[in-house]
Amino acid sequence: MSKFFSDKYAALTPYVPGEQPKDAQYIKLNTNESPFAPPLSVVQAATAEAGKLQLYSDPECTPLIEHAAKTWQVKKTQVIATNGSDEVLNFAFMAFCDKNHPIVFPDITYGFYSVFAQLNGIPYETIPSKEDFSVDYRQYVGIGKNIVIANPNAPTGLALSRAQIEEIVRSNPDNVVIVDEAYVDFGGESCVPLIDKYDNLLVTQTFSKSRSLAGGRLGVGFGCESLIADLNTLRFSTNPYNVNRMTMAAGCAALCEEEYFREKCADIMRTRAYTTRALKELGFEVLDSKTNFVFAQTDKITGEELYKQLKARGVLVRHFKGGRIENFNRITIGTKEQMDVFLQKVKEILEENEV
Ligand SMILES: *Cc1c(COP(=O)(O)O)cnc(C)c1O
């Protein structure tokens, strides 16, 4: 830390992204990226914009907002586009939370929420998930604080129903409820259809997972007109060109390829079922995932040891140190071929560990 670093950030612990080692070619099952490249039309749309990079991008994100409004069947004033959904989440923390408006979220969830709270000097509380790692939605009903819930949740993969989320939103009319739907396309129930009914509901989604654009950085937020206007106030006060030209074009093109992405999501859900079955046959406990990853543990080897031995064999998964999930690994669902390699390595490791 330099002597110039502001006191207000001195205690900040930054988010730790999944590792991207350069020492070898790994099968990457650790950051929930799509194993499928975007379709050619998306690549071509982005490429065409590269020749115009001397020009700023459109700060209104006009074509993208129009496409998104059509796709999600909302008004253009009910959508915001951001540099990844992490950005819209941070804007929401900045816009709706402060010393007098704390935020709550489950103890086992996306690691960025506590970072956004710390970054913005927002008091936060975590609510313990149940023994089975599911979110106890009743604990949020009428809680009278701002709430952020990833639904489906990460790293557990478990989902609440739309009706359960709606009860949380309805019972906290004086607080903002942020529903992070990063994984909704893999089997979750979206709350976007509820934004007309509740002025305290903000739903965020991302192009990073189900639309194969993690490296493009594109997120969207949905809410009533006034919530979106507040978020735009912060966007225009930080970086009005937050979505670059190539990403904006790629995002528009991606929304014209809904059939392609639906098929890829279906493929991943099939491979998820296959992987879950195979892991259970090897003696793992696997939580019921509605995402593009599974969260699994076994009493045959510790989570950390399995992670290390898989890495030594060229397969990366995500292990989170400490607490109730110490023995688990989060395993992104790749192609069937990748999962077969992963399962083969797991089998070898378990066999070697037995003797
Ligand atoms: C991946 C992820 C995001 C955001 O990803 P971006 O790439 O910034 O859009 C948000 N929430 C959860 C729970 C995620 O797993």
Side-chain angles (χ1 to χ4, degrees), residues 14-20 28-35 38 61 64 68 79-94 103 105-117 119 126 129 133 135 147-160 165 177-188 190-192 202-222 231 235 238-239 242-244 247-248 250-251 254-255 261 265 268 272 287 289-295 317-318 320 325 328-333:
Y15 177 72
V16 183
E19 60 187 325
Q20 312 268 14
K28 271 193 89 266
L29 306 178
N30 69 327
T31 48
N32 298 343
E33 290 146 323
S34 172
C61 301
L64 178 60
V79 197
I80 182 172
T82 55
N83 190 313
S85 62
D86 289 336
E87 187 177 54
V88 66
L89 288 165
N90 187 38
F91 286 160
F93 274 69
M94 290 170 73
I103 191 159
F105 46 86
D107 59 343
I108 299 169
T109 192
Y110 189 38
F112 234 131
Y113 303 150
S114 58
V115 177
F116 290 141
L119 173 68
T126 59
S129 307
F133 301 103
V135 170
I147 297 165
V148 59
I149 289 187
N151 192 48
N153 197 10
T156 62
L158 301 170
L160 295 176
I165 297 278
V177 179
I178 305 164
V179 183
D180 176 351
E181 295 186 349
Y183 298 103
V184 75
D185 297 327
F186 301 100
S190 178
C191 286
V192 172
L202 180 74
V203 181
T204 66
Q205 291 192 16
T206 177
F207 284 61
S208 294
K209 279 99 191 204
S210 60
R211 291 187 176 81
S212 298
L213 282 177
R217 313 304 303 128
L218 185 59
V220 275
F222 305 95
L231 296 174
R235 189 169 73 88
T238 48
N239 183 8
N242 60 335
V243 180
N244 75 71
T247 295
M248 206 161 341
L255 293 180
F261 292 114
C265 288
I268 285 168
R272 178 180 73 202
L287 302 193
S289 171
K290 295 281 189 281
T291 62
N292 66 342
F293 57 84
V294 290
F295 203 49
V317 299
R318 187 96 199 250
F320 299 90
I325 58 171
F328 279 81
N329 277 293
R330 191 194 69 188
I331 303 138
T332 304
I333 301 299

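Values below: all heavy atoms of this structure, side chains included; hydrogens, waters and symmetry mates excluded. For clarity, every value in this text was computed on a predicted model and none was experimentally measured. Order of listing sets the numbers, starting from 1, for every ligand and every atom in it. For this chain, numbers begin at 1 and follow the sequence in order.
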Pairing residues for F105 by the ring pair (Phe, Tyr, Trp, His ring centres under 6.0 Å) criterion, not counting sequence neighbours: Y113, Y124
Find out whether E181 and V192 are in side-chain contact, i.e. whether some heavy atom of one side chain is under 4.5 Å from a heavy atom of the other. yes
Just to verify, what does F91 make a ring pair (Phe, Tyr, Trp, His ring centres under 6.0 Å) with, not counting sequence neighbours? none
Applying ring pair (Phe, Tyr, Trp, His ring centres under 6.0 Å) to F295 and not counting sequence neighbours gives F328
Quick one: do the D86 and Y15 side chains pair a donor with an acceptor below 3.5 Å? no
Close residues, ligand 1: non-hydrogen atom nearer than 4.0 Å: G84, S85, D86, Y110, D180, A182, Y183, T206, S208, K209, R217
Strictly by modelled atom types, are T82 and N242 linked by a side-chain donor-acceptor pair under 3.5 Å? no
